[in-house]
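Proteins get letters first, then strands, A, B, ... in listed order; numbering begins at 1 in each. All of these numbers come straight from a predicted model, not from anything done at the bench.
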Number of protein chains: 2
Amino acid sequence: MKLAQATIKDIARELNVSSSTVSRALKDYPGISDETKKRVKEMAEKLNYRPNAVALSLRKSKSFTIGVVIPEVVHFFFSTVISGIEEVAYKNGYNVILCQTNEKLEREISSVETMLSNQIDGLLVSYSKETTDFSHFIKLMEMELPIVFFDRTPNIENTVNVTVNDFNGGYQATKHLIDQGYRKILHLAGPSNLTISKKRKEGYLAALNEAGIPVDEKLIVECPIANEKESFESCVQLFKDADNRPDAIFAHHDIVAAGAMLAVKSLGLKIPEEVGVVGFSNWQFASMIDPPLTSVMQPGSKIGEKATQILLEMINNKVINPLNMEDLVLDTELLIRKSSLKNS
Amino acid sequence: MKLAQATIKDIARELNVSSSTVSRALKDYPGISDETKKRVKEMAEKLNYRPNAVALSLRKSKSFTIGVVIPEVVHFFFSTVISGIEEVAYKNGYNVILCQTNEKLEREISSVETMLSNQIDGLLVSYSKETTDFSHFIKLMEMELPIVFFDRTPNIENTVNVTVNDFNGGYQATKHLIDQGYRKILHLAGPSNLTISKKRKEGYLAALNEAGIPVDEKLIVECPIANEKESFESCVQLFKDADNRPDAIFAHHDIVAAGAMLAVKSLGLKIPEEVGVVGFSNWQFASMIDPPLTSVMQPGSKIGEKATQILLEMINNKVINPLNMEDLVLDTELLIRKSSLKNS
DNA sequence: TTGTACGCGTTATCAA
DNA sequence: TTGATAACGCGTACAA
């Protein structure tokens, strides 16, 4: 047996009918005798016929494929988002083409280009850290390609964005630390060109303000790379001076928090007694480290699901903004664990 | 501007030449005047022409797309594999269609069917835990569709498999525990229908034999689900009897190990002094838990890269088994951390 | 109830 | 050096 797939023509030839008859019979079109319908379906079964999705795409100018552009696959949060996307796409008969940008703008642009070539019906994007110019996306929107941005969303008009409530997440985290009695709260902030970084920081500031704690600019430290090593090194510097050191940390995400915890512990300081720590994203390891890390849970797969549902709606109803909204904001939830519990 | 993409025909019309001329000019075919070539390329640029990959697929019966079927995306090891796959695919101009099966056979079958419909050029598979019958894959192989299995590989003739040396990983892990002075080593084994589970167990047995330690069947416990909760519960049972309890654990993977550590710690036992623990896969959290977990590192992205390279070779050279081999086995590496260091 | 003809975008083949 | 035509697999308007 060869790779050659049976086509409608093959069925037609075997049965001495025209290919249009076969096409109609397979699709249960009205005006086809039950007799023919039955013969066609049996032959299709026998020849192991399978419709050629490529030919269909060409014919219908619709590929039933959506593109996903994501910074990194090896990233707990993004992997949960991908999972959510895949679930909804699968249930609706759509395929998912995946590209990771490795946080490179150049690759983002070329990936989008490839996907466009492949006639994707819509695009889900979380852009790279390098991306500050969005013209490659704007071009697509002008072409009326449905796009939904998630997690990292651009400051452009008329985009459809699915995010988590980063502001509130930052607020909850910081307020919790304040409630526990911490006062000199260090914020290890994320890359400054990401909206999520800004929002989390604003939440942090809001909680401080509300509590009447003056903001100390020295307690806001950006982590542009946002990995373990970077935050480890920053924290060793910041905490080694015993006189004026922070008594708590609100980190941009759990990896940053983990690096900070290693640094703090390496200086012999106790968590949570001397330093409280809260992370973000609730990575899988958060409950397993020592002490277990309090973290702001983001509903990753729900983000993926929502973003995909909206995208499919845009595709099928040819509506650019189905909910007439700028942003769909999903709630975060603070998961309190030992790392931030001074009072207990 | 509308979604309508410029086609070769559009360029031809603008320039009053035939579409074949345009096609040839764009591809730098010989026998086209430089003049025409230049005009065509300029017009293509101006109209923002982009080749339609779908039409190309139909014409050439080649889609430059490979399918990836994987049990779960939210899984550290698999996410690294996907990343490796995507890297090699991208570099070679191939697209990646992703499907997760959620460990369901039914979904595996339907995903493969969809991909076939989409005329994928080849398939990368790690099958589900439910899969014991491989006829849906055998059918594809008979159709001469290039397939490479990775990590979880079937016991079928003529398959191309990329795996890690699970046997040696299990052996290394167990030998290390023995060298550290542990003697009653519990093996929390994986699902018994997976080859990887068998191999790891065989490595464990080999190390015991070599050291002259008799095998105690009660010290081999299968974890069919292989999550934290399951191993936690198993271990609470196994360790609460002080008289005859294990003094070490070799776990099928790190999540299982983490559950076991929680159980052991909850019983007041000290790691590594009273119980040594070794995991498998070196999940991201392994270095962050308390104590840091010794683990057998699997080169996930290398597996993805290798599998993809071999698949592309099969696709392009129309060779079914390019290296004339049954299995490509990649080396594991034991990363020793505190959880298994009795002597230090 | 069924068949014929055309087009989706591209390229290979043959002819000019 | 260029053009006309057919074909990849399918669906559909129109004709029969």
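- Note on A/S61: nothing from the nucleic acid sits closer than 4.0 angstrom, heavy atoms only.
- Taking atom CG of B/L26 as the reference point, atom P of C/dA12 lies 13 Å away to the nearest angstrom.
- The CD1-C1' distance, from A/I8 to D/dT12, rounds to 12 Å in whole Å.
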Name the atoms and distances for all side-chain donor-acceptor pairs under 3.5 Å in residues 69-85 of chain A, with sequence neighbours left out.
from	atom 1	to	atom 2	distance (Å)
A/H75	ND1	A/F77	N	3.4
A/S79	OG	A/F76	O	2.8
A/T80	OG1	A/F77	O	2.5
A/S83	OG	B/Q100	NE2	3.0

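- The side chain of A/T21 lies closest to C/dG3 when the candidates are C/dT10, C/dG7, C/dG3.
- Protein atom NZ of A/K62 is 19 Å distant from nucleotide atom C1' of C/dG9, rounded to whole Å.
- Within the 4.0 Å cut-off from OP1 or OP2 of D/dC10, not a single side-chain nitrogen or oxygen of A/S23 is found.
- Computed from coordinates, the B/E35 CD to D/dT2 P distance equals 9 Å when rounded to whole Å.
- Between B/S33 and D/dT2 there is a side-chain N or O to OP1 or OP2 distance below 4.0 Å.
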Do A/K46 and A/D10 pass the salt bridge (Lys or Arg N to Asp or Glu O under 4.0 Å) test, and can you show the C-alpha distance, the side-chain angles, and the key distance before you say yes or no? CA-CA 11 Å; A/K46 185 176 159 204; A/D10 297 324; over 6 Å; no

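- Looking only at distances, no side-chain donor or acceptor of B/S19 sits under 3.5 Å from a matching main-chain atom of B/I8.
- The shortest distance between the side-chain N/O atoms of A/K9 and the OP1/OP2 oxygens of D/dC8 is below 4.0 Å.
- Using a 4.0 Å heavy-atom distance criterion, A/V17 is classed as a sugar-phosphate-only contact.
- Rounded to an integer number of Å, the gap from A/Q5 CD to D/dC8 P is 15 Å.
- Dashed line: the shortest gap from a side-chain N or O of B/Y29 to OP1 or OP2 of C/dT10 is not under 4.0 Å.
- With respect to B/R152 and B/E103, a salt bridge is recorded, a charged nitrogen being found less than 4.0 Å from a carboxylate O.
- Taking 3.5 Å as the limit, the base of C/dT2 and the side chain of A/T36 contain no donor-acceptor pair of atoms between them.
- Summary of the strand contacts: B/T7 and A/N16 both lie near DNA chain C, and taking for each the nucleotide with the nearest heavy atom, the more 5' one is attributed to A/N16.
- Going from atom CG of A/D28 over to atom P of C/dT1 covers 13 Å, rounded to whole Å.
- One donor-acceptor pair, N or O on each side, does fall under 3.5 Å between the base of D/dA4 and the side chain of B/S20.
- Looking at heavy-atom distances under 4.0 Å, B/L58 makes contact with a base.
- For B/T163 and B/N161, the side-chain atoms include no donor-acceptor pair closer than 3.5 Å.
- For C/dG3, the OP1/OP2 oxygens have a side-chain nitrogen or oxygen of A/S18 closer than 4.0 Å.
- Scanning both residues, A/D121 and A/Y94, for their nearest heavy atoms gives OD2-CE2, 3.7 Å.
- In this structure, NZ of A/K37 is placed 14 Å from C1' of C/dT2, rounded to the nearest angstrom.
- With hydrogens and angles ignored, no donor-acceptor pair under 3.5 angstrom links the side chain of B/R50 to the base of C/dG9.
- Counting to the nearest Å, the C1' atom of C/dC8 and the CG atom of A/L56 are 11 Å from each other.
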